[in-house]
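Notes to accompany the following structure.
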Amino acid sequence: MDDLTTYCENTWCPGCGNFGIFSAVKSAIKKLEARGVPRERLVMSAGIGCHGKIFDYLALSGFYSLHGRSMTTVQGIKLANPDAKVLTFAGDGDAYGEGLEHMLFAAKRNADITVIVHNNGVYGLTVGQYSPMSRKGFKGPSTPRGSIEEPLNPLAILLEAGATFVARGYSGKTEQFADIIARAVEHEGFSYIDVLQPCVSFNDTYKLYNGLVEAVAEPAKTREEAIRLAKRPDKIPIGVLWQERKEPFHGSLYGDWNPVAKRMPRAERVKIIEKIIRGD
Amino acid sequence: MDDLTTYCENTWCPGCGNFGIFSAVKSAIKKLEARGVPRERLVMSAGIGCHGKIFDYLALSGFYSLHGRSMTTVQGIKLANPDAKVLTFAGDGDAYGEGLEHMLFAAKRNADITVIVHNNGVYGLTVGQYSPMSRKGFKGPSTPRGSIEEPLNPLAILLEAGATFVARGYSGKTEQFADIIARAVEHEGFSYIDVLQPCVSFNDTYKLYNGLVEAVAEPAKTREEAIRLAKRPDKIPIGVLWQERKEPFHGSLYGDWNPVAKRMPRAERVKIIEKIIRGD
Amino acid sequence: MDVFTFLVGGKAGEGVKKAGNAAADLLASRGLRVFQMDDYQSLIKGGHNFSVVSASMREITSHYMRANLAINLDARSYDIHRNHLAEGGIAVFNSDLVKEGEGVGMPFTSEAKRYPDPGLRVGLGAVATLAVAVGMSAEELNKFVSSAYKRGLENNLAYAAAIHGKASPLLGGKFKLEKGGKPLPMLYGNEAIALGAAAGGLDIYIAYPMTPASSILHVLASHSETLRLAVVHPENEIAVANIAIGAASAGARAMVGTSGGGFALMEEALSLAGMTETPLLCILSSRPGPSTGVPTYTEQADLKYALGQGHGEFPMPVASPGNSQEAFYLSAELLALAWRFQTPAILLTDKHTSESRMSVDIDASKAARPEPLMHSGGEYKRYLDTKDGVSPLLFYPSKELVKWNSYEHDEKGITIDAPEGIARMHDKRRRKAQTLLEYMKSQRTVNTYGDGDSVIFAYGSTTMSVLEAVRHGKLKAKVVQPIYLEPFPVWEMERYKGARSVAVEVSSTGQFATLLKEKGNIDIDKTILKYDGRPFEPAELAAQLKGAL
Amino acid sequence: MDVFTFLVGGKAGEGVKKAGNAAADLLASRGLRVFQMDDYQSLIKGGHNFSVVSASMREITSHYMRANLAINLDARSYDIHRNHLAEGGIAVFNSDLVKEGEGVGMPFTSEAKRYPDPGLRVGLGAVATLAVAVGMSAEELNKFVSSAYKRGLENNLAYAAAIHGKASPLLGGKFKLEKGGKPLPMLYGNEAIALGAAAGGLDIYIAYPMTPASSILHVLASHSETLRLAVVHPENEIAVANIAIGAASAGARAMVGTSGGGFALMEEALSLAGMTETPLLCILSSRPGPSTGVPTYTEQADLKYALGQGHGEFPMPVASPGNSQEAFYLSAELLALAWRFQTPAILLTDKHTSESRMSVDIDASKAARPEPLMHSGGEYKRYLDTKDGVSPLLFYPSKELVKWNSYEHDEKGITIDAPEGIARMHDKRRRKAQTLLEYMKSQRTVNTYGDGDSVIFAYGSTTMSVLEAVRHGKLKAKVVQPIYLEPFPVWEMERYKGARSVAVEVSSTGQFATLLKEKGNIDIDKTILKYDGRPFEPAELAAQLKGAL
Ligand SMILES: Cc1ncc(C[n+]2csc(CCOP(=O)(O)OP(=O)(O)O)c2C)c(N)n1
Ligand SMILES: Cc1ncc(C[n+]2csc(CCOP(=O)(O)OP(=O)(O)O)c2C)c(N)n1
Ligand code: SF4
Ligand code: SF4
Ligand SMILES: [Mg+2]
Ligand SMILES: [Mg+2]
């Protein structure tokens, strides 16, 4: 057990892609420390699902949130104290199902958060129902005759919504993925990583992905190109597909002010309020 | 008062774009009747907002729903009885704010509904707050110093989500818009129309739109082209941008079966259930 | 004259509410106590709006529906309010729109047409007419308009002067009002809630607009820079509640506000706050329900709803202010309470308190302030199993691990499912509820007013109506207002058992009376209900109370 | 032997639950009444799962935690359950994983390794061992395995035969079980809810997965084609509830199901159903809360929550079934009730009923069926203001205008805000609530069992534990189970006033006892609570009850 791992018993299925994600995250934290971001500045949240268990296993502070809401929780943490570097772990059910709207708005407002979506194409923890990422024909207990829907392409949608950092990782390529995470955390603004994560119990995609993933050397030059990349029919590009610099939400909202660290003294507040009440 | 208008007092502001929408809808219903779709087959729902008042004014059956949920209500009506042709009126706050996720999933599953979004770039009924469509800098009571966010491009996003009929209308071009509505209702699958609707009280865009709209002669040949069209920086194209044929959700789910019109006889149900209980 | 009432009616978008406001300010500036009620529909222009302003030398906590001076700016208002007159009351109608009206005709519209935006200006005509009727000189009016109608001031001054001239011969000095002492400021309930929370140390307000709570958002947004407040209006109420919870976990005093429908969307997060022990103040301002209901009117039908929110078991105080002034202090107090016990808390109010305006006498420095129990060093356990159930706080970023958890958890905040751990944390939260209960016993949880053998129970906005009815009807009765509905102050109820008791509320099923019976064990002899979207009218209520006592 | 109990423990993913199922079927096939409880964690593979199966010649409504035969497939299970033995009970351990175990060692793993997928097969080893212990021959076992373990049958048969051979000398015929009469089928509570609703005319089921309600979705999805049901799993619970309401407005008998957190997201829609008068059956299956809580365990802490749902005032029946068999009939009954009174209705249950399995004797043709009041021609008014408050239904598509409205409305369904109209519709809904209440007085709303001067109150799943405890402890007491919690059957409670009363529930605050006191006016002498996520154990509960009665 390393110093980034808690005492909690790990109950992911043997062989689960979440192990690769866990390693990559720990490696990214080390990288970030080496680059001057101490781990205590990192604050995490997680959704509910197999992915969410990373909250119990990873020795970072944070908030174990609700199914589909973990990206709002970290937005709150960031708004309260912009000194925090916040990241959240979500499932594909979480981020593209229950909480898709929050993702789009976090992208729209360029909230300075990092979202890592454990995309296993299934609702793992609730025993294998189809997710918004499941392929047509996927058989799960709520679609015993096969899903009749096409999967979403969340990268394209989030790019259209204005995401300023869009990447895809693969749990089977830990080091590349660790590097992506570190860059995502460093990016100021909405950083979004979709991670291909095989679920050995309900959607074992190791072979499929091993044959399809292809590293991209550098981000696309234009958003349109990034969208095209995200929609490639033949290969699955992994790496950072898009990055651009844009003022993050908390910056536009209050510059370098910090609500909890730079609280206005009470007496001053009270004086202003009395003026407001008097109507001057 | 024509036979498509109820006795309810109309309380839209004089000059509101909703009047143009109301006329266009009535004209579309007449067109549809001429093409063999009797008005009693049409069932409507509406969101909450200025736009939603069309529910009270239009003499069609339906369900006055909740803020952001009207597109789910009509999906329920359609699933219960596919004989109904369902359409819903939503605000931009409704459809792109509170209810955006439902829009994306209705598009993904190609629910056979028509969604008409009264896009006035503002929360009208709640007195003028910025909406997901408001331009950066828009001053409303929740953003007194101007909105710090860029607006969404919902057409592009819904095209990425798989919408099979995507159009834009302008309340100032009633006849073109009426034609779009009729085509949308006839389209089997998810038909989506964003209507540019000036709000004379909080976001008067008549002049702006009159100078920018440009009719498109026919739908784009590819989805990508449609997306490009939707994102044109110089002009606002109005007309049908995209249409494709795809099996609608209720069709994939149960072919031409109809839950309320073709209910299984009780005795048969009971027999099958007894078999299931016995485990044969 | 005990109470002077002014009514102004007209179309939305014609400055009716603004006229009500200005009339109230005008009367307040003369040292009177004032109560203003705005009645408006869910539309932006047209329809029928009116504002009623009642003023007195004594305390006043309600408008009256019989006006001494009723000014109707359009024909519909004239038809509706022509008979809403007190004895000796005068009706003023718009002679441009009403041909053969009874009362005094004034050419509000044709005069306004001499200036740009005539529609917006007619409301000012009503204010100028009021000024005449209460004996203000043209100069006094001029001065008042200069401060109250700044936008387009020159035209406003000219228009007001013209109306003053026309009205003077007809109405000049009809109403002799005493001059009071030092003028008091006026606050809407929502202003009071917003500013009270700010005085109590609010750091961040998150909300999605919903009548009748929206103006809390508007007030705080407009003062966010001067008060150094974070104010955010995100995509929906689910985001609102969860962003607020995230912010609170990082140390920000957070508040959210909405009405019934939006509050429902926050329910999952309330339970999350219960489990994670996150301090969160929620404002629930009701309107007639169920569902979308009647957005711009009032009802107290969300009491049971507020008390039943959130699955599972956790403490959650619920309190309701009896007027604007109390709302100011109570919102600060609930914020402090939420932080003291690390719980969600609900401030329950309704349109009538939120959107009515009254004279207040507030000392902002007296607002309660959160003093949470903080970790004092050493190993940190977010859910330390203390004797009183309250665990010390430590905010991230921090060297020590700080883990908040929506799953059942151990003291460190790590997920568990073994039976002993589950029972232990249930016990911790139950002990915390007990600690909270004991604490509440030392606090003011009930207001009582007046004296008499009979007791009138009311809460929230209806307290104002009842107190005014008691004054108006000179009733001998004690008025008892539970401020806290949860924990319900049963310990304060003992003394009222056996007294003749009347409960008054704006609800069709009598939820408050049920609470008094079931929790308080009070035998309520009579319940007076109103449920047409309008608050009680004090004169009518006085008559009902007389019958019931 | 009054009750024979079999326990099997092991890792998730090793067929433990399947083994519990098969063991229950095996015992049921011999004509015994059987109760099966599955204890599992929120994980897919590994950890610790166990199933307990108790069987008897008489009615049985709970598992016991002291086993006559406890089979532990791994070391952790052995450590946990080694002492969970009844007098004369036998512990069987996996000799490949536990070295010096007490009891009987069996090489489950090494035997399984002779075949592919050994992990999946060890559960079958436990079943084969049970077969031996109850005296089944190799042939009988062979026949049983052929029907119960069809997938990979050949290997299963070989493995079972091998275990039978190894176990026979050690355990052969250790337990002599009587042979009962005609075997009864077994149903999980969720199967019963699903099939009961289907028998009652369900047309459409909409749900988003959430433990412990998910299996209702799974059962109905798997039978959707044969039963001609629409089954949809959409993007989230808000969509679930609103799609269902839309479907109901078009005439489909609609049902939704979830647990506490998902139910919170449906709350806004419940109030919508209240206002629009939409019939809608909601299944709320609880787990320990608050918030995410402990997903795969049980608690009855959502009672107050269920009763308080939805802002504004409208009738909403809430009922809780006391076991699987009752769940079958009750879900049909609530669906019919929802349609009779055009209201939302809640079937409140919890993991212990939902996910436990028991012998049932059901006549599906006896399920209630909806018979809504239909419009009989002429002008249609959706909200016709009838004497009893119930308006006739007409479904679109239709020539007549049919308007359902979330705003307050007139009889035609058009939005209103005038005071008279608001009060009138409030009165209509209140009259409907009154009609519903009167109707309930003619219905069975309470179950009573046994006899005695003392009364034990329980509801929902705890009824099963109490009844079993009474049987086990041979207690003299009347067991009273309110099936309906809202309207609460106060008229049935009169007769219990003054009796020595004990309330039993799985909750840390005693919400049910509070309800009995506050609504039922019953003086509860003692409340027995459990809140560690586990249901009561009948032997332990019997001892507690003995002390309390
Ligand atoms: C509001 C709500 N609805 C449903 C659930 C039940 N639930 C828990 S996890 C989950 C889905 C998990 O899928 P995903 O997000 O893809 O995570 P994974 O388990 O695959 O990592 C669901 C539906 C919940 N906890 N909360
Ligand atoms: C859950 C919920 N939140 C908030 C509201 C309050 N509300 C009513 S209409 C509206 C927004 C209206 O904006 P839009 O949808 O753009 O409609 P418009 O009035 O502009 O036509 C809001 C926030 C509500 N009714 N329900
Ligand atoms: S179910 Fe799938 S996602 Fe969950 S732990 Fe197992 S392999 Fe991983
Ligand atoms: S506020 Fe705007 S959208 Fe609403 S009725 Fe007036 S002009 Fe139309
Ligand atoms: Mg997943
Ligand atoms: Mg709008």
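Predicted model, so just to flag it, every value in this text is computed and none were measured. Every chain is numbered from 1, with letters handed out A, B, ... down the list of sequences.
For chain C, the option among K304(D), E420(D), R430(D), E408(D) with the highest count of heavy-atom pairs below 4.5 Å is R430(D). Options S259(D), S42(D), G261(D), G274(D) differ in how many heavy-atom pairs under 4.5 Å they form with chain C, and the most are formed by G261(D). With chain D as partner, the option from L272(C), V294(C), T509(C), N521(C) having the largest number of non-hydrogen pairs under 4.5 angstrom is T509(C). Interface remark: of the candidates G260(C), G293(C), A269(C), G293(C) forms the most heavy-atom pairs closer than 4.5 Å to chain D. If you tally non-hydrogen atom pairs under 4.5 Å between each of G312(D), S291(D), G308(D) and chain C, the highest count goes to S291(D). Of the listed residues (Q309(C), K517(C), K530(C)), the greatest number of heavy-atom pairs within a distance under 4.5 Å of chain D belongs to Q309(C). Considering only heavy-atom pairs separated by less than 4.5 Å from chain C, the leading option among G533(D), A264(D), P419(D) is P419(D). Across Q41(C), M425(C), H426(C), R424(C), the residue that shares the most heavy-atom pairs under 4.5 angstrom with chain D is H426(C).
Using a 4.5 Å cut-off between heavy atoms, E313(D) touches chain C through backbone and side chain atoms alike. Both the backbone and the side chain of K519(D) have a heavy atom closer than 4.5 Å to some heavy atom of chain C. Of the two parts of R429(D), only the side chain, counted from C-beta on, holds a non-hydrogen atom closer than 4.5 Å to a non-hydrogen atom of chain C. In this structure, chain C has no heavy atom under 4.5 Å from any part of A273(D). Looking at I238(D), only its side chain comes within 4.5 Å of chain C, counting heavy atoms on both sides. Looking at T296(D), there are no atoms closer than 4.5 Å to chain C (heavy atoms on both sides), in backbone or side chain.
Geometrically, R287(C) does not engage Y297(C) in a cation-pi contact defined by less than 6.0 Å to the ring centre and at most 45° from the axis.
What you find for Q300(D) and S507(D) is that their closest heavy atoms are O-CB, 4.0 Å.
Exactly one residue among H84(D), H63(D), H81(D) makes a ring-ring contact (aromatic ring centres under 6.0 Å, His included) with F50(D). That residue is H81(D).
With hydrogens and angles ignored, the 3.5 Å screen pairs no side-chain donor or acceptor of Y383(D) with any backbone N or O of K428(D). Put simply, the side chain of E267(C) gets close to the backbone of G310(C): a donor and an acceptor are under 3.5 Å apart. For the pair E299(C) (side chain) and G289(C) (backbone), a donor-acceptor distance under 3.5 Å is present. Between the side chain of D302(C) and the backbone N or O of H311(D) there is no donor-acceptor pair closer than 3.5 Å.
Counting heavy atoms from C-beta on, the side chains of P288(D) and Y531(D) never come closer than 4.5 Å.
Under the 3.5 Å distance criterion, with hydrogens and angles disregarded, no donor-acceptor pair is assigned to the side chains of D417(C) and Y407(C).
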